[in-house]
Amino acid sequence: MAHLPSSSAGPATGDAPTPAFSPLYQQIKALILESLQAGEWKPGEAIPSEMELAARFRVSQGTVRKAIDELAAENLLLRRQGKGTFVATHSEQQVRYRFLKLMPDAGDLASEGQPQREVLECRRVRAPAEVARMLALRAGDAVVQVRRVLSFGTVPTILEDLWLPGAPFKGLTAQQMAGYHGPTYAMFEVEFGVRMVRAEEKIRAVAADATQAELLQVPRHTPLLSVERVAYTYNDAPMELRRGLYRTDTHHYRNDLN
């Protein structure tokens with residue numbers, strides 16, 4: 001049986017901080033997250049029923065249900081009516097577009113289909129200081145650096161540079177990056193057991209330099225949308241730094257705010 005973390009503490013003595021109170025369902029949520037991170041249940045697999053989890057953690061089904069509700073709202077779990085609760089995967093239709101915010105001006109992403117990927121570079125390098133800091137590595141640690149162009153309808157639309165920690169992505173090749181037909185994050189799940197669960201982005205406008213203009217087939221100094229993303233797996237461990245330059249003459253960046 002998993003042990004619940006303490007939800008309360010006695011009075012603080014001296015300079016010792018008083019631990020914050022954690023509701024019981026939040027403690028169960030943390031334990032389920034631990035199992036997800038440990039790979040007890042893989043992406044796409046069913047997790048135990050609420051009754052089984054309630055017995056395992058020695059809490060009520062209502063407490064387990066509330067924990068699962070939060071994990072489902074965060075797109076970490078997926079409820080299927082009459083079938084149970086499953087570990088969410090980037091192959092799922094409702095999840096695969098969660099991290100892709102560039103929308104066509106005409107039609108939608110489903111009708112546009114997956115972009116064509118041209119991988120220009122995929123190599124292991126030593127992490128520069130800034131990349132290492134953003135990926136919680138040490139300067140000089142091994143990272144996989146990828147540069148690729150994504151095209152929609154043969155039109156180069158996105159130029160991306162990716163940096164991935166070397167250890168979890170050992171063996172990643174340009175052929176894998178180019179040949180996988182589903183979302184890249186789904187490939188990371190299937191091939192490397194790394195699931196991206198959330199991301200932070202910074203967006204600004206930039207002008208294309210000579211190299212960028214050539215790769216995106218636009219005039220030099222064309223306005224582009226610069227999107228810098230850090231993607232995290234469970235427990236806020238950074239697993240990808242991605243810098244993308246987006247053409248917006250036929251697409252726009254869309255974000256739903258709740």
Margin query: Testing the basics here: between Arg56 and Glu40, what is the closest heavy-atom pair and its distance to 0.1 Å?
Written below: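 Looking at all heavy atoms of both residues, the closest pair is NH1-OE2, 2.9 Å.
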
Using a strict 4.0 Å threshold on nitrogen-to-oxygen distance, state whether [X] and [Y] make a salt bridge.
X	Y	result
Lys66	Asp69	no
Asp161	Arg148	no
Lys170	Glu191	no
Lys202	Glu200	no

[Y] side chain reached by [X] side chain, heavy atoms, under 4.5 Å:
X	Y	result
Leu241	Leu164	no
Gln27	Val59	no
Trp163	Arg243	yes
Ser35	Trp41	yes
Leu76	Tyr234	yes
Ile68	Leu53	yes
Leu225	Ile203	yes
Phe169	Val143	no

Next item on the list: Could you tell me whether Arg195 sits above the aromatic face of Phe188, with NZ or CZ closer than 6.0 angstrom to the six-membered ring centre and within 45 degrees of the axis?
Entry: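 The answer is no, since Arg195 fails at least one limit relative to Phe188.
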
I'd like to know if the side chain of [X] and the backbone of [Y] have a donor-acceptor N/O pair within less than 3.5 Å.
X	Y	result
Glu228	Glu201	no
Arg124	Gly166	yes
Glu74	Leu71	no
Arg229	Ala199	no
Gln176	Thr173	yes

State whether a side-chain donor-acceptor pair under 3.5 Å links [X] with [Y].
X	Y	result
Ser60	Thr63	yes
Glu70	Tyr25	yes
His251	Asp105	no
Glu240	Tyr232	no

Note to self: Can you tell me if Arg126 has over 12 outside heavy atoms packed within less than 6.0 Å of its CZ?
What the structure shows: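 Atom CZ in Arg126 is not crowded, with 12 or fewer foreign heavy atoms closer than 6.0 Å.
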
Item checked: Glu214 CD: over 12 foreign heavy atoms closer than 6.0 Å ->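 Atom CD in Glu214 is not crowded, with 12 or fewer foreign heavy atoms closer than 6.0 Å.
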
